[in-house]
Amino acid sequence: MNRTYFIFLLSVFLFAGQLKSEETIWLEDFEEAVQRSKTGNKPLLMVFSGSDWCKPCMILEKTIFNTERFKQFAKDSLVLLKLDFPARKENQPAKEIMAKREAVAEVYNQSGSFPSVIILDGDKKVLGKTGYKKGSVENYIEHLKSFLAGYKYTGDLTQPTLKKYQRKVSLMGSPFEFVVVCEDPEVAAIVLDVAITESERVEKMISSWDENSQTSWINKNAGIQAVKVDDELFQLIKRSLKISDLTDGAFDISFASIDKHWKFDRSMTALPDEVELKKSVALINYKNIVLDEANHTVFLKNKGMKIGFGAIGKGYVADKTAQLMKDMGVKSGMVNAGGDLIAWGNGYGNEKWKVGIADPDKEKGIISWLDIQDMAVVTSGDYERYSMIDGVRYAHIINPKTGYPVTGLKSVTIVCKNAEVADALATSVFVLGQQKGLELINQLRDVECILVNDQNGMVTSKNLILNYITANQ
Ligand code: AMP
Ligand code: MG
């Protein structure tokens with residue numbers, strides 16, 4: 001796990017920590033805990049933690065021990081003991097108390113692991129050892145239970161009901177929606193905060209509007225010098241170039257070299273100047289994006305060249321945040337990054353995740369839907385961003401060879417495991433057109449598509465089964 005991730009967690013913990021008061025009793029004295037374990041015939045769960053320096057300890061505390069689910073599990077069934085080893089002077093208890101904790105650590109935590117979770121019986125025999133583990137509360141409880149054979153539970157072990165928690169925000173100029181299905185509102189709040197903060201971070205990195213983003217630095221230095229970038233951006237550019245190769249240049253992040261000539265916010269009234277446009281088109285060529293693996297630099301060979309991630313960035317964010325949410329134990333969830341959607345797990349209740357395919361001609365209308373599990377569904381449409389000039393619709397997807405918006409298709413939906421790939425391919429197929437686009441998708445394994453052409457014909461790739469909307473639905 002990286003540093004930034006912990007910083008997100010820390011900032012949201014402060015907020016989440018205020019939501020509920022502690023109900024479970026955590027003892028602090030080893031001998032007292034052993035005594036209670038013996039007399040009550042209950043296993044003792046002992047945690048060695050560093051409350052003001054050990055980040056995994058804080059995560060364990062907030063995402064496991066402080067959840068309603070864990071409290072419900074521990075109640076009446078476990079004796080809980082926390083032996084804290086704070087680093088800051090002001091957090092340390094009296095010397096004698098610290099000496100006692102150290103003596104216990106010398107016996108039970110010789111390796112000095114933090115957090116260390118040890119289960120003992122009333123005779124101080126170790127039944128099991130564990131620490132922080134990625135995953136859900138339920139998984140953690142199952143793991144603990146594996147040490148507790150022979151002990152009877154009096155606590156309430158009924159499965160808590162799953163609920164759906166969602167948050168909508170505006171990011172990258174589009175509406176984003178994050179959904180988690182889980183049992184605990186506090187965990188949901190933390191996960192949703194982390195996902196949103198992560199999206200904001202990626203947006204800052206790839207934005208070409210933000211003057212200080214790494215992407216803007218690359219653009220400003222076009223034809224001048226190579227710019228050193230973070231590995232994350234370097235890899236994203238590398239993957240973008242692979243898609244360019246695969247699509248014979250239909251997908252090209254250097255399309256942005258012409259973006260000063262077009263506006264797709266319905267404000268344009270005349271076509272751009274031919275001659276000026278042609279000059280900029282000459283700058284579009286992904287082969288002039290030079291990556292230096294050894295130095296991690298990016299160089300745009302020609303002055304005026306520009307890159308932009310409009311066709312792949314949202315898919316990337318969707319994948320990135322979905323993975324983060326899964327790592328935090330969310331078994332079922334969804335990220336909708338401005339129409340670039342990825343969903344995992346079993347959906348909610350008895351329903352699988354249902355994704356509507358937008359009707360290009362009707363705002364909020366759908367032409368069909370898909371039931372999906374662990375799948376991304378991404379649509380590129382000419383109805384999203386465009387300008388009408390002399391009664392003709394000029395939409396935001398550009399043919400890199402001509403510098404003009406592509407015509408022929410109204411929408412392209414790609415269905416595959418990975419939202420980033422789906423995003424890049426949706427734009428690519430839009431540029432390639434119906435025939436070449438279908439040929440490409442039919443060659444790729446586990447990638448399917450749905451196209452709506454400008455005669456309103458709907459065409460799908462070989463293996464896609466759709467649920468059609470009939471007139472009376
Ligand atoms: P999407 O909605 O994913 O199809 O992305 C469309 C956006 O991608 C546009 O608004 C542009 O920012 C960018 N774009 C347009 N044409 C291309 C292209 N040929 N290759 C790569 N990106 C493009
Ligand atoms: Mg795209």
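Any value given below was found using the heavy atoms of this structure, including those in side chains, with hydrogens, waters and symmetry copies removed.
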Distance-only donor-acceptor hits, side chain of residues 304-318, under 3.5 Å, sequence neighbours excluded:
from   : atom 1 : to     : atom 2 : distance (Å)
Lys306 : NZ     : Asp259 : OD1    : 3.3
Lys306 : NZ     : Asp259 : OD2    : 3.4
Tyr316 : OH     : Glu232 : OE2    : 2.5

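- When side chains are defined from C-beta on, Leu425 does not count as touching Phe251, because their heavy atoms never get closer than 4.5 Å.
- Side-chain atoms of Asn221 do not come within 3.5 Å of backbone N or O of Gln225 as any donor-acceptor pair.
- More than 12 non-hydrogen atoms from other residues, nucleotides or ligands lie less than 6.0 angstrom from NZ of Lys228.
- For Tyr394, the ring-ring contact (aromatic ring centres under 6.0 Å, His included) test picks out Trp262, with sequence neighbours left out.
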Run the side chain to side chain contact (heavy atoms under 4.5 Å, CB included) test on Glu420 and Leu236 for me, step by step, so that the C-alpha distance in whole Å, both residues' side-chain angles and the decisive distance to 0.1 Å come before the verdict.
CA-CA 10 Å; Glu420 177 185 311; Leu236 179 65; 4.0 Å; yes
Using distance only, find each side-chain donor-acceptor pair of residues 406-416 under 3.5 Å and give its atom names and separation, not counting sequence neighbours.
from   : atom 1 : to     : atom 2 : distance (Å)
Lys410 : NZ     : Asp361 : OD1    : 3.0
Lys410 : NZ     : Asp361 : OD2    : 2.9
Lys410 : NZ     : Asn456 : OD1    : 2.7
Thr413 : OG1    : Thr379 : OG1    : 2.8

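- Taking both residues in full, the closest heavy atoms of Pro405 and Ala395 are given as CB-O, 3.0 Å, listed atom of the first, atom of the second, then distance.
- For Thr67 (side chain) and Ile64 (main-chain N/O), a donor-acceptor pair under 3.5 Å exists by modelled atom type.
- A search for side-chain hydrogen bond (donor to acceptor under 3.5 Å, both in side chains) contacts involving Ser254 returns Asp252, not counting sequence neighbours.
- Under a 4.0 Å N-O distance rule, the pair Lys278/Glu274 qualifies as a salt bridge.
- Between the side chains of Ser461 and Glu448, at least one donor N or O lies within less than 3.5 Å of an accepting N or O.
- Electrostatic pairing of Glu439 and Lys436 does not count as a salt bridge here, judged by no charged N lying under 4.0 Å from a carboxylate O.
- At least one donor-acceptor pair under 3.5 Å links the side chain of Ser332 to the backbone N or O of Gly347.
- Within the 3.5 Å criterion, the main-chain N or O of Asp230 finds a donor-acceptor partner in the side chain of Gln214.
- Here Lys220 pairs with nothing under the side-chain hydrogen bond (donor to acceptor under 3.5 Å, both in side chains) rule; sequence neighbours left out.
- With values rounded to the nearest 0.5 angstrom, Leu60 atom CG is found 4.0 Å from Phe65 atom CZ.
- With 3.5 Å as the limit, one finds a donor-acceptor pair spanning the side chains of Gln323 and Asp327.
- Checking side-chain atoms of Asn399 against main-chain N and O of Tyr404 turns up no donor-acceptor pair under 3.5 Å.
- Judged by distance alone, the side chain of Asn442 and the main-chain N or O of Lys462 form a donor-acceptor pair under 3.5 Å.
- For NZ of Lys242, the number of neighbouring non-hydrogen atoms (other residues, nucleotides, ligands) closer than 6.0 Å is 12 at most.
- Other residues, nucleotides and ligands contribute more than 12 heavy atoms inside 6.0 Å of the NZ atom of Lys326.
- Partners of Lys163 under the salt bridge (Lys or Arg N to Asp or Glu O under 4.0 Å) rule, at least two apart in sequence or in another chain, do not exist in this structure.
- A donor-acceptor pair is defined here as one N or O able to donate and one able to accept, closer than 3.5 Å; such a pair exists between the side chain of Trp344 and the backbone of Val330.
- With hydrogens and angles ignored, the 3.5 Å screen pairs a side-chain donor or acceptor of Ser199 with a backbone N or O of Ala195.
- Note: Glu61 CD to Ser51 OG = 8.0 Å, rounded to the nearest 0.5 Å.
- Around atom CG of Asn139, more than 12 heavy atoms belonging to other residues, nucleotides or ligands sit under 6.0 Å away.
- Minimum interatomic distance between Ser207 and Thr215 (heavy atoms only, all atoms of both residues): O-CB, 3.8 Å.
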Determine whether Leu233 and Ile218 satisfy the following criterion, side chain to side chain contact (heavy atoms under 4.5 Å, CB included), listing intermediate values before the conclusion.
CA-CA 11 Å; Leu233 184 58; Ile218 296 172; 4.0 Å; yes
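- Looking at every heavy atom in both residues, Lys164 comes nearest to Tyr348 through N-CE1, 3.6 Å.
- Neither side chain, Asn66 nor Glu186, offers a donor N or O lying under 3.5 Å from an acceptor on the other.
- The closest donor-acceptor contact from the side chain of Thr247 to the backbone of Val429 lies at 3.5 Å or more, if one exists at all.
- No option in Asp374, Val447, Asp446 other than Asp374 meets the side-chain contact (heavy atoms from CB on, under 4.5 Å) test with Lys417.
- Within the model, atoms CG of Asn288 and CZ of Phe299 stand 9.5 Å from one another, a figure rounded to the nearest 0.5 Å.
- Across every non-hydrogen atom of Phe114 and Cys57, the tightest pair is C-SG, 3.9 Å.
- With hydrogens and angles ignored, the 3.5 Å screen pairs no side-chain donor or acceptor of Ser368 with any backbone N or O of Ile357.
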